[in-house]
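I have placed the structure first, in the form of structure tokens, so that the comments after it can refer back to it.
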Amino acid sequence: MRSQFSLDRTQGATTSIVSSEYRTDSLERAARWNLAASGCIADRPSDDSWMLRTARVHGAVSVTGGAYCSTNASTSGAAGQLWVQTPRGATAAVHGKLSIGPGDLSYTTAHGGSLWGLGEHVRRRRVYQVGLGE
């Protein structure tokens with residue numbers, strides 16, 4: 001089951017879409033489809049895929065050779081976590097805490113590199129920026 005999509009503009013001249021799946025075990029995967037100059041993707045297998053190596057992913061974004069993903073806590077009402085993989089597919093490490101019910105992520109090179117995320121928990125909806133200091 002696909003959980004989210006993000007746009008990746010960090011792969012040089014190629015823009016791609018990254019999608020991840022939601023599972024409650026650590027067998028989740030992410031995949032990338034490169035966009036044609038027209039902005040379309042062909043009906044074909046993904047151009048790249050990797051294991052996320054963490055459970056309950058609600059957002060994933062590829063940044064150059066690495067990846068970040070947001071996960072829900074295993075207990076209701078607890079803060080989510082931001083995970084990093086460098087390189088993509090490597091063992092994921094906790095990079096920090098996020099809002100309750102974190103969702104999709106996006107990346108911008110502004111301010112030395114940062115992620116934008118959102119919290120989707122009822123009555124606790126948030127939009128936030130996480131500086132990466134790259």
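Just so it is clear, the values below take in all heavy atoms, side chains as well, and ignore hydrogens, waters and symmetry mates.
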Heavy-atom pair with the smallest gap, counting every atom of [X] and [Y]:
X	Y	value
S114	G131	CB-CA, 4.0 Å
S20	V57	OG-CG1, 3.7 Å
A67	W50	CB-NE1, 3.9 Å
T71	A55	CG2-O, 3.3 Å

Any heavy-atom pair between the side chains of [Y] and [X] that's under 4.5 Å?
X	Y	result
V61	D8	no
H58	Q4	no
L7	S106	no
S99	R124	no
Y107	R9	no
R126	H121	no
E21	L52	no

Honestly curious: do [X] and [Y] fall in one hydrophobic cluster under the side-chain, below-4.5 Å linking rule?
X	Y	answer
L105	L132	yes
W116	Y68	no
L27	Y22	no
Y128	L82	yes

If we ignore angles and hydrogens, is there a donor and acceptor under 3.5 Å between the side chains of [X] and [Y]?
X	Y	value
T14	N34	no
R29	S49	yes
S16	W33	no
R56	T24	no

Check your understanding: How far apart are the C-alpha atoms of S70 and Q81, what are their side-chain angles, what is the distance that settles it, and do they pass the side chain to side chain contact (heavy atoms under 4.5 Å, CB included) test?
Key -> CA-CA 6 Å; S70 62; Q81 291 184 311; over 6 Å; no
Review point. Atom CG in D47, atom CD1 in I17: separation rounded to 0.5 Å?
Key: 11.0 Å
Review point. Got a second to check how far D104's CG is from L115's CG, nearest 0.5 Å?
Key: 12.0 Å
Point to revise | Member of D48, V18, V63 meeting the side chain to side chain contact (heavy atoms under 4.5 Å, CB included) criterion with R88 | key: D48
Check your understanding: Sub-3.5 Å donor-acceptor pair from the side chain of Q85 to the main-chain atoms of M51, do we have one?
Key -> yes
Review point. Under 3.5 Å, is there a donor-acceptor pair between the side chain of S19 and the main chain of F5?
Key: no
Check your understanding: side chain to side chain donor-acceptor pair (under 3.5 Å) with R23: which residues, sequence neighbours excluded?
Key -> D25
Exercise for review: Report, as yes or no, whether the 6.0 Å neighbourhood of atom CZ on R53 holds more than 12 heavy atoms from other residues, nucleotides or ligands.
Suggested key: yes
Practice item. Kindly indicate, with the supporting measurements, whether the criterion side chain to side chain contact (heavy atoms under 4.5 Å, CB included) is fulfilled by E120 and R125. Key: CA-CA 5 Å; E120 300 178 306; R125 300 193 189 281; 4.0 Å; yes
